[in-house]
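What follows is one structure encoded as structure tokens, with my remarks underneath.
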Amino acid sequence: MNSAHWWKEAVIYQIYPRSFYDSNGDGEGDLAGITSKLEYVKKLGVDAIWLSPFYTSPNKDGGYDVSNPRDVDPRFGNLNDAKVLINSAHELGLRIIADIVPNHFSDQHEWFQAALKSAPGSPERSRFHFYDARPDGTPPNNWISLFGGPSWTQVDDGQYYLHLFDSSQPDLNWDNAEVHEDFEKTLRFWIDLGVDGFRIDVAHGLVKENVLANHPDPQGLSNALRLDVAMDTEKRNELLVSVPYFDRQGVHEIYRKWRKIFDSYSNRDIMAVAEAWVHPPVNATRYVRADELHQVFNFDLLTAEFNAQVLYEVIERSISLNATVGALPTWALSNHDSPRVASRIGEEESRALALFVFGLPGSTYIFAGQELGLPDGELKDSDRQDPSFFRTNGEVKGRDGARVPLPWNGSNSPFGFTSGKPWLPIEQSWKAFNVENQEADAKSTLHLYRTALELRKRYLTSNGEITWINSPVSGEKLQAVLSYSRGSITIVLNLSDVAYECQIQGQPLVVSTGEIDVHNGKKLIPARSCAWFIA
Ligand code: GLC
């Protein structure tokens with residue numbers, strides 16, 4: 001393992017700019033707001049920041065609908081603010097990862113506007129997927145959008161265009177050389193401005209196959225792709241094994257080309273991480289072959305139950321699959337698209353799981369607010385903004401709950417996030433979570449994260465593989481305890497509802513999520529908690 005690469009075992013902090021900190025009182029976070037809080041981020045002990053999109057956008061999908069990928073949306077500031085943010089982060093030793101959105105543009109992008117004004121078959125239309133209607137006037141195929149409803153929208157002259165997401169997000173045609181050139185220009189633009197890497201949005205979606213063929217079970221496929229829809233595993237696997245618009249072989253050629261661009265900045269160590277929801281899990285390793293990208297997200301922990309067997313399998317599989325291509329895994333408990341981990345598995349459980357995961361080899365992603373133990377915000381339907389809420393007529397509540405702005409200080413909502421009205425309401429009960437209160441409380445989740453990340457850097461990073469001590473396949477066969485050692489640290493996770501008497505002899509405790517009772521050389525690890533011991 002070459003630990004010289006900064007990203008190999010980096011801790012990466014994801015900021016959703018709209019929700020982080022508002023510097024100008026308009027109720028939405030902005031780039032200057034992030035710059036003003038960099039010391040806070042640095043103090044957390046992370047290595048890099050991934051910024052969700054801040055580019056020019058009508059904001060139909062939280063900025064993932066980009067109308068100019070080489071400029072900053074006025075709601076977030078301007079290019080100079082981006083430059084100042086990047087430089088200030090670098091001065092503190094923090095790297096910046098930008099989000100690139102290559103599957104689609106916004107319908108407000110000049111290319112799409114030009115396509116609308118041009119004739120069917122024109123070069124302007126060929127940058128997107130425009131096709132004639134079927135003879136009966138229906139769309140070219142029966143695919144369903146990931147946000148609900150048909151994947152096609154008809155324009156005035158009768159042609160349809162493809163959009164895997166919202167109708168305001170037309171998919172780009174990656175068979176068109178201009179699309180390649182434009183994205184290569186965008187990559188260089190941000191690298192030249194100083195960014196250290198990219199998170200690639202919907203990295204598995206760029207290449208489509210059989211665009212004119214109906215899918216045999218479009219509703220089944222649509223359900224199989226949704227994490228919130230329960231489905232028989234065999235059925236789900238059957239549907240996901242071949243999706244005409246995901247994980248096609250052609251995407252890898254694109255990333256091989258991009259890798260050459262990254263490597264051409266020979267003194268910069270530019271990295272990229274793929275958002276690739278693919279099936280079966282082994283397919284994810286293709287994205288991190290030596291001549292492709294550097295990391296691929298492992299989303300398993302976003303849905304895994306707090307259960308020893310499940311967690312063991314997810315962790316083992318990710319480590320061993322990545323090893324087959326010489327890559328290290330990535331870990332994420334929350335992001336802007338999923339329920340926050342504290343709401344999903346519980347407050348205590350989420351602290352314990354984070355501590356357990358921080359010891360693992362590879363890169364860890366932390367979604368801003370996770371270090372405060374934030375739950376999802378409770379929202380009224382009238383507050384919601386996610387396009388998936390509207391496209392499913394409210395059947396899918398959407399992702400706004402995870403995007404409620406961060407509480408910083410003070411006794412009253414919006415807790416210093418903004419001097420105006422926050423774009424999503426912040427509950428009064430979030431007072432207890434605010435940064436100021438957690439700073440003052442040595443037992444807070446914030447202090448837990450800081451301590452753990454510092455110890456991770458000191459004792460764990462670059463310390464090779466883990467050795468399982470208790471696992472569902474180890475001798476002891478404990479149902480609800482997982483433990484491993486790595487370097488000089490032993491990490492024990494008690495998933496059960498009762499305290500676990502751990503036989504570790506003579507190893508002092510360095511950090512834990514519950515009060516560890518030590519007696520007669522034995523250590524009592526409370527229910528639903530995790531502890532690190534040092535040899
Ligand atoms: C990715 C983003 C998500 C966005 C979608 C469409 O999955 O993470 O927020 O809605 O792509 O761009």
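Computed from a predicted model, the values in this text were never measured in an experiment. Indexing begins at 1, ligand by ligand and atom by atom, following the structure's order.
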H336 and Y16 aromatic ring geometry - parallel, tilted or perpendicular at 30°/60° bounds:
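Ring orientation, 0 to 90° scale: parallel.
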
Residues with a heavy atom under 4.0 Å from ligand 1, by chain and number, are D61, Y64, H104, F147, F165, Q169, R199, D201, V202, E275, H336, D337, R399, R403

Answer yes if the side chains of [X] and [Y] hold a donor-acceptor pair under 3.5 Å, and no otherwise.
X	Y	result
H279	N237	yes
S52	Y64	yes
Y265	D192	yes
Y287	D247	yes

Could D376 and K397 be called an ion pair, given the rule that one side-chain N must be under 4.0 Å from one carboxylate O?
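Looking at K397 together with D376, the answer is no, because their closest N to O distance does not fall below 4.0 Å.
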
